[in-house]
Amino acid sequence: MLDKTFDPKTAEPRLYEAWEKSGGFAPTDDPNAEPFSIVIPPPNVTGSLHIGHALNNTLQDVLIRFERMRGKAALWLPGTDHAGIATQMVVERQLALSGNLSRRDLGRDDFVAKVWEWKAQSGGTIVNQLKRLGASCDWSRERFTLDEGLSAAVRKVFVKLHKEKLIYRDKRLVNWDPHFQTAISDLEVEQREVDGHYWHFAYPLEDGSGEIVVATTRPETMLADTAVAVHPSDERYKAVVGKAVRLPIVGRPIPIIADEYPDPEKGSGAVKITPAHDFNDFMVGKRHNLPVINIFDDFARINDNAPPEYRGLDRFEARKKVVEAFEALGLLREIEKTRHTVPHGDRSGVVVEPYLTDQWYVAADVLAKPAIKAVEEGDTVFVPKNWEKTYFEWMRNIQPWCVSRQLWWGHRIPAWYGPDGKAFVEETEAEAQKKADEHYGRPAPLKQDEDVLDTWFSSGLWPFSTLGWPEKTGDLARFYPTNTLITGFDIIFFWVARMMMQGIHFTGEVPFKRVFINALVRDAEGKKMSKSKGNVMDPLELVDEYGADALRFTLTAMSGQARDIKLSRQRIEGYRNFGTKLWNATRFCQMNGCARAEGFDPAAVRAPLNRWIVGETQRTAAAVTEALADCGFADAAEGLYRFIWNQFCDWYVELAKPLLSGADAAAKAETQATAAWVLDVILKLLHPVMPFITEELWEKTADLGAPRPQGGFLMTAAWPDLPAALIDPAADAEVALIVETITEGRSVRQGLNVPPSAQPPLLVVEASAEQRRVLEASAALVQRLLRVAEVRFVDAAPAGSIPYVVAGATLALPVADFIDIAAERTRLTKEVAALTADIDRTAKKLANPDFVGRAPEEVVEENRERLAEAGAAKAKLEEALTRLGGAAGA
RNA sequence: GGACGUGUAGCUCAGCGGGAGAGCACCUCGUUGACAUCGAGGGGGUCACAGGUUCAAUCCCUGUCACGUCCA
């Protein structure tokens, strides 16, 4: 006998261990099984599971469990990402907290050793958390982006792209993060709107004939100005173009140039040009061959290119000082408040500087073309489809991708420099040396590039590098391209797009056929959760409190498309209760001898109740299967919830009670077998979403009745595939009549406050022969569930009885003695009024020749029926009202 | 400034051309042998606003307003 409730705390770890030991997480070896593969979006190796991971991984697990049960060779390949900048940041912070040693003090090798230490210490955390969630990943294939195999793939890709001239070194402005002292890509820059000022500075003309006013939000950059620009059509400045101004503070003469860039409508129409510290100005400088003067060091402090009194100052200190100097010089014309966007590093949170450096770039525009085409042609589809727009938008406007980072934790760039700075890009140092020696005609000393690659460079290879590429492995042949990628929209650019570009370029095939974009879990204020913001929620706490199944079901049910998810504890609690409900229904079945029968054939059951539930089971199985096959996770959860609770528990179990305790041995046996069969199907259908409780129930009911066809774990049981022929409309109608008779009758009773203890008869006043037969046959049920003494067939409703109408039949409850007549009169009057309104509307509609002429025949027919039914019901209720009036008067 | 998305019951959300649904919350009743992590019943919504298309609009189109996210 089952306990009263399921205990997830003890059962979940036990079941997970049993699954893992069984080897059931690995894809089947059966060569005939269709492969189905998912690669996990690799979480940061030193991270911990937040609620977004929980959602994302729950959905992947639902899908992989579903496909595994459908008999596919289902592979969910797990692993973690070294997460260059994020991990380095964590370790640096730890160093600062403990020893005060900066990474520079420590030196590269020792620092990297420290990171590996930290990885060893905390790297298992997230994996264990995924296990708590029930994730059925094939851990034997677990990968890490810095594994030797994956690192070899990274080198091969880099070298090949270099040889194809799709990776090149270039000196240009990058987004420079002064906190980490590294370049970052455009995507890692966050534009934040902040309050700021326009400072209007006057630059005196060198010939003393006047001044020109420029406005800037960044006064300190004036130290690096090399021109002032005006629009060529701007009449105000026609005369001064070609002249020079003398740059205040610095004293350098700089030219006034004409360029399309300045907007004459804005400010004075003249702008200062600082090619070294502004992306737009850099372009202007290129067009006019302006000198590029850099005044910052790697920390964004002022360097020696500025006047001595500014050197060494932090950029914000320098800003103050420049403004003060202008004021002192009498050249500060105005300070205007403004709100403008300022670029910040998404990890460091500090203001990013455009900074002139040598970096490695990927010619993303070339790689993007086939990646765009693949989505256009449907080789890869996005679900929901509108995310394709986002993908196209970015891919069609893609910029060169800066892939070098001035960090220490990551894949070191496979480039070696000769004495004259020439780069030799090869997969190994030996190969580079060989090439260098050939080039120089003598042994030459080489020095490897100090930089590492952007983390996304290696994660972009994830779908194939994890399967063994560039080796031609069996896994690669079998599981690539992967079937479905499930991820958040926040990394469509960072990750999905890069995988598409690199996957197609290196394997000739798309990396996945389908991309399911799941919603983003946000915090209470609707803000994106991130570790750097510190607003993460702990799903493990929720697992502890409610069990993994409850959290999983909640996330699945709320995973509707393109929405933010705000998690509520009440909701999780509700789904925990749902699990308990199923648990207790099983318990009931167990107590009533429900056991699988040898050779049970659901199509052959005879009792209408059993025929009905068999049909409903088929409908549910079909709906859930279709939903899961199309990533309709929420629909699947919804359908399961309704079927299990509102149909199986609320009605089937209740209606089956008389059969299970009745004298008809054949009906009893059939019901026991049917219930066991339905439960088996339920456990299978629910397993992908709630794997633990279903597996436990599967195990606990294993010894009841005939052995299950495939024995073993529910996790690897065959998914139900039921024929639609199991649906029997006659049985459906029969059960519907009984259910409505009870529901409507209860409504009458409770609406009139008939005491629960009162047991009037149920009078069947008017009914078809078939309805009479059904009601007679189900009299015991109706008695029990409607709490009536008997079901009696009469010719007319006696005075003081309360009628109600179900499917055209008139039923009545003689409860006048128990009720408040005035209240009943009110109730009937209200109902008659509602029916009258409905009749009026419907009649009006049917009187409209346009409606009758144009609407589909079935809609017109439906309305005719509605009108007839409402008319009949109204007549019956009015009659009752009349009778009641007499009774009340008496 | 551009793109996308969202406004439906007190809350969280389904539905998306033929008289609006669920869960939670709320009110009333109920321990009848699976389940109080429960059962029964009930109240509660001019489906953001304004136009248009249609026999018919919560649903489609246009505009407005509000909120959110992404990209400049």
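The chains referred to below are lettered A, B, ... by the order of the sequence lines, with proteins before strands, and numbering in each begins at 1.
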- [ ] Under 3.5 Å for both distances, Watson-Crick or G-U wobble, that's the pair rule; now give the dot-bracket for RNA chain B, with | marking pairs to another strand and [ ] for crossing ones.
- [x] ((((((((.[[[[.)..(..]]]].(((((.......))))).....[[[[[..)....]]]]]))))))).
In whole angstrom, give the distance that lies between atom [atom1] of [X] and atom [atom2] of [N].
{"X": "A:Met558", "N": "B:C13", "atom1": "CE", "atom2": "C1'", "value": "9 Å"}
{"X": "A:Asn386", "N": "B:U6", "atom1": "CG", "atom2": "P", "value": "8 Å"}
{"X": "A:Leu786", "N": "B:G41", "atom1": "CG", "atom2": "P", "value": "11 Å"}
{"X": "A:Leu655", "N": "B:A40", "atom1": "CG", "atom2": "P", "value": "12 Å"}
{"X": "A:Leu752", "N": "B:G42", "atom1": "CG", "atom2": "P", "value": "12 Å"}
{"X": "A:Phe489", "N": "B:U69", "atom1": "CZ", "atom2": "P", "value": "10 Å"}
{"X": "A:Trp583", "N": "B:U37", "atom1": "CH2", "atom2": "P", "value": "17 Å"}
{"X": "A:Tyr546", "N": "B:U37", "atom1": "OH", "atom2": "P", "value": "13 Å"}

Separation of the [atom1] atoms in [N] and [M], to the nearest angstrom:
{"N": "B:G23", "M": "B:U8", "atom1": "C1'", "answer": "15 Å"}
{"N": "B:G19", "M": "B:C13", "atom1": "C1'", "answer": "22 Å"}
{"N": "B:U32", "M": "B:A25", "atom1": "C1'", "answer": "28 Å"}
{"N": "B:C59", "M": "B:A20", "atom1": "C1'", "answer": "11 Å"}
{"N": "B:G30", "M": "B:A57", "atom1": "P", "answer": "46 Å"}
{"N": "B:C24", "M": "B:A9", "atom1": "C1'", "answer": "12 Å"}
{"N": "B:U6", "M": "B:U46", "atom1": "P", "answer": "23 Å"}
{"N": "B:C47", "M": "B:G21", "atom1": "P", "answer": "14 Å"}

Side-chain touch [X]/[Y], heavy atoms, less than 4.5 angstrom:
{"X": "A:Thr836", "Y": "A:Lys874", "value": "yes"}
{"X": "A:Val271", "Y": "A:Pro262", "value": "yes"}
{"X": "A:Ser185", "Y": "A:Trp401", "value": "yes"}

TODO: With RNA chain B as reference, determine whether A:Arg571 or A:Trp645 sits nearer its 5' end, using the nearest nucleotide of each.
DONE: A:Arg571
- [ ] Tell me which of A:Arg576 and A:Trp394 sits closer to the 5' end of RNA chain B, going by the nucleotide each one is nearest to.
- [x] A:Arg576
Main-chain N/O of [Y] paired with [X] side-chain donor or acceptor, under 3.5 Å:
{"X": "A:Arg576", "Y": "A:Gly547", "result": "no"}
{"X": "A:Asn56", "Y": "A:Gly52", "result": "no"}
{"X": "A:Trp677", "Y": "A:Gln672", "result": "no"}
{"X": "A:Lys581", "Y": "A:Cys649", "result": "no"}

- [ ] Please confirm whether A:Lys657 makes a cation-pi placement over A:Tyr652, using NZ or CZ under 6.0 Å from the six-membered ring centre and within 45° of the ring normal.
- [x] no
- [ ] Using a 4.0 Å cut-off on protein heavy atoms (strictly under), produce a 5'-to-3' string for nucleotides 25-36 of chain B with B for base contact, S for backbone-only sugar-phosphate contact, and - for none.
- [x] S---SS-B-BBS
Open item on the list: Any base atoms under 4.0 Å from A:Ser747, or only sugar-phosphate, or nothing? Heavy atoms, all strands.
Closed with: sugar-phosphate
Under 3.5 Å, which N/O atoms of the protein pair with N/O atoms of nucleotides 18-21 of chain B?
from: B:G19; atom 1: N7; to: A:Arg841; atom 2: NE; distance (Å): 3.1
from: B:G19; atom 1: O6; to: A:Arg841; atom 2: NE; distance (Å): 3.3

TODO: Please check the phosphate of B:C24 (OP1 and OP2 only) for any side-chain N or O of A:Ser568 closer than 4.0 Å.
DONE: no
TODO: Return the nearest nucleotide to the side chain of A:Tyr641; candidates are B:U69, B:C71, B:G23.
DONE: B:G23
- [ ] Dump the intermediate steps for side-chain hydrogen bond (donor to acceptor under 3.5 Å, both in side chains) on A:Asp7 and A:Thr10, then the final yes or no.
- [x] CA-CA 6 Å; A:Asp7 178 23; A:Thr10 58; 2.9 Å; yes
TODO: Could you point out which residue of A:Phe392, A:Phe489, A:Trp387, A:Tyr391 forms a ring-ring contact (aromatic ring centres under 6.0 Å, His included) with A:Phe382?
DONE: A:Tyr391
Open item on the list: I want to know whether A:Tyr546 and A:Tyr575 have ring centres closer than 6.0 Å.
Closed with: no
Open item on the list: Under the criterion ring pair (Phe, Tyr, Trp, His ring centres under 6.0 Å), I'd like the reasoning laid out for A:Phe692 against A:Phe6: C-alpha separation, chi angles, the key distance, then a yes or no.
Closed with: CA-CA 10 Å; A:Phe692 292 110; A:Phe6 172 59; 7.9 Å; no
Task: Derivation and outcome, salt bridge (charged side-chain N to carboxylate O under 4.0 Å, His left out), residues A:Glu393 and A:Lys389 - done: CA-CA 6 Å; A:Glu393 191 68 25; A:Lys389 274 194 116 156; over 6 Å; no
